[in-house]
Amino acid sequence: DGSDDNEEGSAVENEETVKGTERKRATPRTRRGHARGRDRHGDEEDEDDEDGTRRTGHRRHRNRRRGRAAGNEASDSDMEPAKARKNEANQKSKEDDEEEEDEKGGKSGKGKNEKKGDKKADKKGKKEKANKKKKDKKKSGSGSDSESEEEPITEEELAKLKEEVEEKKKLIATLRNKPWKMKKKLSVLKEAQLFVEKFEGALGKGKGKKFYAYKVMMTKKWMKFQRDFENFKTACIPWEMKIKEIESHFGSSVASYFIFLRWMYGINMILFGLTFGLVMVPEALMGKPYGSLPRKTVPRAEEATAMNFATLWDFSGLAQYSVLFYGYYNNQRTIGWLKFRMPLSYFLVGVGSIGYSFMIVTRTMAKNANDDGGGDDTSFNFSWKMFTSWDYLIGNPETADNKFASITTSFKEAIVEEQESRKEENIHLTRFLRVLANFLALCTLAGSGYLIFFVVRRSQQFALEGLENYGWWERNEVNTVMSLLGMFCPTLFDVISSLENYHPRIALRWQLGRIFALFLGNLYTFIIALMDEINLKARYLLPFTLEEEKIVKYNMTIWEASLYNGTIPENSTAPPIQVDPADVPRGPCWETMVGQEFVRLTVSDMMTTYITILIGDFLRAVFVRFFNYCWCWDLEYGFPSYSEFDISGNVLGLIFNQGMIWMGSFYAPCLPAINVFRLHTSMYLQCWAVMCCNVPQERVFKASRSNNFYMAMLLFILFLSTLPAVYTIVSIPPSFDCGPFSGKTRMYEVISETLEHDFPSWFGKVFGYASNPGLILPFILLMVLSLYYLNATSKSYKEANLELKKKLQ
Amino acid sequence: GAMGGSASLIPQDLLSEYQELTFLSKQEILLAYKRFSELLPKEERESACSTRVPKSQILTLPELRANPFQHRICHVFSTSETGDDSMSFEDFLDMLSVFSDSATSDIKSHYAFRIFDFDDDGTLDRKDLEQLVNCLTGQGEESRLSSAEMEQLIQNILEESDIDKDGTINISEFQHVVSRSPDFASSFKIVL
């Protein structure tokens, strides 16, 4: 008993050192009184166990006693001298126990935690409920093991305890969702955490305790790691402050453009990483250096101008014969000491970029669709205007004033619209005007398509006659015309749409649709004209068949023979003469040509955008600001006034620019790099321009449902952009004299070549079987069926949703 | 520079608890601490965690300065017993958590209701709605709605949202209406 006394004494001491309430100090003493009879027992069983199991033993102890005594429960909590606590019996009245539970409930065995717990010991609220639940469970389980003291915890009890711990964990996870004050949340959190900590160790008793404890620790570490990673990711997001500033000045719709821009930047960074790291760098480091092969050298004829700035800006000369374009790459199967498979890498990077882009766009669409929720619902028009129209991100008084004005206008308009149900007057006039407007729009589209076709044809003429005879305009006609069309036609559409007299949201949809059609038409006309040009060239200069190869090769042998002074060697027994690669005649390289066109288009587009911003926004703002003093009418309110930020135009421009990148990056690995640079500078330039030269829009209405509209357009453009590349991979023979696929009949043959050489033979066989049409067709059928099934289930879910909604009302 | 200093002023365990209990990330909490302590006079900055900032100071924050509901926001999130709507750091964190990007629509709508409930009686009745409209239309006389327009507007709103037809909007009706709006979560946002 003496030892027990000491322990109890120390227990009291411990409790007294802790800042506890009066009650707490009182309880051990009272408990001690009851405990005397049980001391021996308590001692015996507890000496062997460690701290964690002691607690369980303590509980076991208690449970058994509960069976004997009248439903007494001692405190769950332990302190360091846990033994002492165990020695205290639970022969107490229910009420005392419950009070004790409330105070000590959830305290762990560590003293430090007890201190923390004590601070919040006053809050009874949730704790009581949780504790009562706990107690009820314990009580119900107590009767089962009133046998010997060495009996392990029953499965039932273990399961219940686990359930409680899970509940507490769920509570902790959802605490931030509760609309309580921080103080209350803190206390509930602490209590729940202590409970979980205390019992998680205890839960592991019996089978696999160590494993359970290990699992718990790993889960905790994992959660901490996840949280740190989230923090790190948030810290890595660039331009957060800039966007926030724009949000506070212009509202969230303008800021959404910049957020979209940033997202595009992320995608382009990844594409850049792929092309740069897996294609350009290996070739630069491990491939044959410049000048070693004909395809890697500037031809003698062009050498003089190869380093001029004008040539470089045009991406010919030295820029053309470098890792930037398709033609530079050699068709060696492996290069360098690492045996890096260059052609395979080129092919896979091309296909992989497309695959990655599809995946990420679809994923973002799915995420947006989730957020969107209900979709189009006009049943709460007024309530939404009332409750959700204020943009809390606005921090600028001027913008706030604008917002007030627009809200007032929208209220008044909505009231008027509601009161006078549709003015039926002049419906015929409206219809006629709308038909007229559509006709005009179609004319514009057709006109712009024809103009592009015409201009591309003219550029072919110029090329045939030699570009040196013409000035800057003729050389850059195509790009300039395309960019100018992209600039002026949308404004034209805007004017046309004023005829139509639609609600602004519907008018915006029409506008977006028309601009979309314009860009699409321009892009495809351009490609068709380009393809035409290639074919023409091929037909007039060299046909695209094996004939071409033979002809050039024959030319080359003749030329070589001339170096041998006369005789054409039958076989290559003579030692190969060292010829400067610059002098070797070259075959055509249409891939590089296509790549160059895309690069030139991108660069000119970039220049046009920047110049438009500088002139259209900046100079205009300067003009309005400074000439206002000496002008007849008020420049700021009337024409031209400051420009507004055109969200839809900019977003569409971004989308189409990306489409061009996707189309061209297979032929010019440098395109993603150029685009990354372009987006980076765009961000800074446009942020500056918006803050400096633009004014917040007058009609501030949300186009938030347009989010998925833009994503859908992006997906569509992605699909259309990858069609040409896929077509060329599958159907057109690669140039025989340049690029990583030269010498093959089709580009995808690199895959079969790899399977032959690098994989064991059975792999090739398996692949052969798998690519059998007999297997592929059923597979496609299966996919179509599963698509249908998923679509049907999603429809049924939507219907069920609507039913429930109706029921609610 | 200042960030490092403020990090040491919130104890680590408290910081991780705040992360657990709010929708804010660690950087956001530290930034909130920095901005909060800047509202206090120099001498009191050390004990920013336990000091209360008077409402007038809170309203100088640019994020709240232009907001027509600034007084209501301070009132709803303040735990001050004296009713002066002063805010402690924890109140401030609560507010930022509800207005953060990652907060759920549920908790946002709950607090939106409390903000719009001008008389704090747990329902939005006609008077509350009238005051709400006046807040939204700005301070100028010419931008206010006429009483006929106001009447019509409130009538329409009650028709749409008052499901049990008792002439007031309670919190479940409010949440029902607002949760269906696609714009609500993105507009009910304040970021430091």
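Below, chains carry the letters A, B, ... as their sequence lines are ordered, and counting in each starts from 1. Both backbone and side-chain heavy atoms feed into the values below; hydrogens, waters and symmetry mates do not.
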Using non-hydrogen atoms only, which part of [X] is less than 4.5 Å away from chain A: side chain, backbone, both, or neither?
{"X": "B/Phe23", "result": "both"}
{"X": "B/Phe113", "result": "neither"}
{"X": "B/Phe116", "result": "side chain"}
{"X": "B/Ser102", "result": "neither"}
{"X": "B/Ser16", "result": "both"}
{"X": "B/Leu124", "result": "side chain"}
{"X": "B/Glu20", "result": "both"}

What part of [X] gets closer than 4.5 Å to chain B, counting heavy atoms only: side chain, backbone, both or neither?
{"X": "A/Asp228", "answer": "neither"}
{"X": "A/Lys244", "answer": "side chain"}
{"X": "A/Leu189", "answer": "side chain"}
{"X": "A/Phe411", "answer": "side chain"}

Mind ranking [options] by heavy-atom pairs under 4.5 Å with chain A and telling me who comes out on top?
{"options": "B/Ile169, B/Leu129, B/Ile73", "result": "B/Leu129"}
{"options": "B/Glu28, B/Glu159, B/Glu149", "result": "B/Glu149"}
{"options": "B/Ile190, B/Val98, B/Val133, B/Val177", "result": "B/Val177"}
{"options": "B/His110, B/Lys189, B/Glu63", "result": "B/Lys189"}
{"options": "B/Val178, B/Asp91, B/Leu132, B/Leu14", "result": "B/Leu132"}

Going by distance alone, is a donor N or O of one side chain under 3.5 Å from an acceptor N or O of the other, for [X] and [Y]?
{"X": "B/Ser187", "Y": "A/Asp391", "value": "no"}
{"X": "B/Thr82", "Y": "B/Ser80", "value": "yes"}
{"X": "A/Ser383", "Y": "B/Ser161", "value": "yes"}
{"X": "B/Thr79", "Y": "B/Arg52", "value": "yes"}

Got a salt bridge between [X] and [Y], using NZ or NE/NH1/NH2 to carboxylate O under 4.0 Å?
{"X": "A/Lys170", "Y": "A/Glu167", "value": "no"}
{"X": "A/Lys181", "Y": "B/Asp94", "value": "no"}
{"X": "B/Glu17", "Y": "A/Lys185", "value": "no"}

Contact winner vs chain B - [options], heavy-atom pairs under 4.5 Å:
{"options": "A/Phe382, A/Tyr392, A/Phe404", "value": "A/Tyr392"}
{"options": "A/Leu175, A/Ile394, A/Leu393, A/Thr174", "value": "A/Leu393"}
{"options": "A/Arg227, A/Lys224, A/Glu240", "value": "A/Arg227"}

When you measure from the centre of the six-membered ring of B/Phe118, is the NZ or CZ of B/Arg72 under 6.0 Å away and within 45° of the axis?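 Yes, a cation-pi geometry.
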Check whether A/Phe195 forms a cation-pi arrangement with A/Lys168 (NZ or CZ under 6.0 Å from the six-membered ring centre, at most 45° off the ring normal).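 The answer is yes; both the distance and angle limits are met.
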Atom CD1 of B/Ile58 and atom CE of B/Met95: how far apart are they, to the nearest 0.5 Å?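 With rounding to 0.5 Å, CD1 (B/Ile58) is 6.5 Å from CE (B/Met95).
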Please say whether more than 12 non-hydrogen atoms of neighbouring residues, nucleotides or ligands are located less than 6.0 Å from NZ in B/Lys26.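 Not more than 12 within 6.0 Å, no.
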Parallel, tilted or perpendicular: which describes the rings of A/Phe229 and A/Phe225, with under 30° parallel and over 60° perpendicular?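 It falls in the parallel class, under 30°.
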